[in-house]
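Right, one structure below, let's go through it.
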Amino acid sequence: MDEITVQRKLMKIGNSCGATFPHEILKHLNVKPGDQIDFKIQTDGTVTLNKKESTTLPKDVDPDFINMVNGIIDKYDDVFKGLTTR
């Protein structure tokens, strides 16, 4: 895919700021109004956007447990990644 650069101006929305997403970005992310987007701040200063994929848990899996595990993974992400070099 060719590299595309677009610009948008931030607007004041209540106590927050917001911007519109150009059609090319929405198409690339395969998102539509109502979908959730994850923003991830990288250590190099860049930010990545990804469509949040929804999943359905099996009936016996507690969502709070999954949230706890996700929190641990997020907190110790660098440690887990460091284990791959051992």
Sequence neighbours left out, what passes side-chain hydrogen bond (donor to acceptor under 3.5 Å, both in side chains) with [X]? Give chain and number order.
X: Thr48; value: Gln42
X: Lys81; value: Asp77
X: Asp44; value: Thr46
X: Lys59; value: none

Applying a strict under-4.5 Å side-chain criterion to I, L, V, M, F, W and Y, I'd like to know whether [X] and [Y] cluster together.
X: Phe39; Y: Leu26; value: yes
X: Ile4; Y: Val47; value: yes
X: Ile37; Y: Leu10; value: no

Legend entry - For the student: nearest non-hydrogen atoms of Ile13 and Gly18, plus distance: CD1-CA, 3.7 Å
Legend entry - Minimum heavy-atom distance Leu49-Leu29, with the two atoms named: O-CD2, 3.5 Å
Legend entry - Test item: Asp64 and Met68 side chains (from C-beta on) under 4.5 Å apart, heavy atoms: no
Legend entry - Any side-chain heavy-atom pair of Phe21 and Val31 under 4.5 Å: no
Legend entry - Short side-chain to backbone donor-acceptor contact, Lys51 and Asn30, under 3.5 Å: yes
Inset, instruction - Tell me, yes or no, whether the heavy-atom count around Leu83 atom CG, taken from other residues, nucleotides or ligands under 6.0 Å, exceeds 12. - result: yes
Inset, instruction - State whether the number of non-hydrogen atoms from other residues, nucleotides or ligands found under 6.0 Å of Phe65 atom CZ is greater than 12. - result: no
Legend entry - Pairwise side-chain hydrogen bond (donor to acceptor under 3.5 Å, both in side chains) hits with a residue in residues 4-20, at least two apart: Arg8-Thr20
Inset, instruction - Kindly write out the residues that satisfy salt bridge (Lys or Arg N to Asp or Glu O under 4.0 Å) with Lys40, not counting sequence neighbours, or none if the list is empty. - result: none
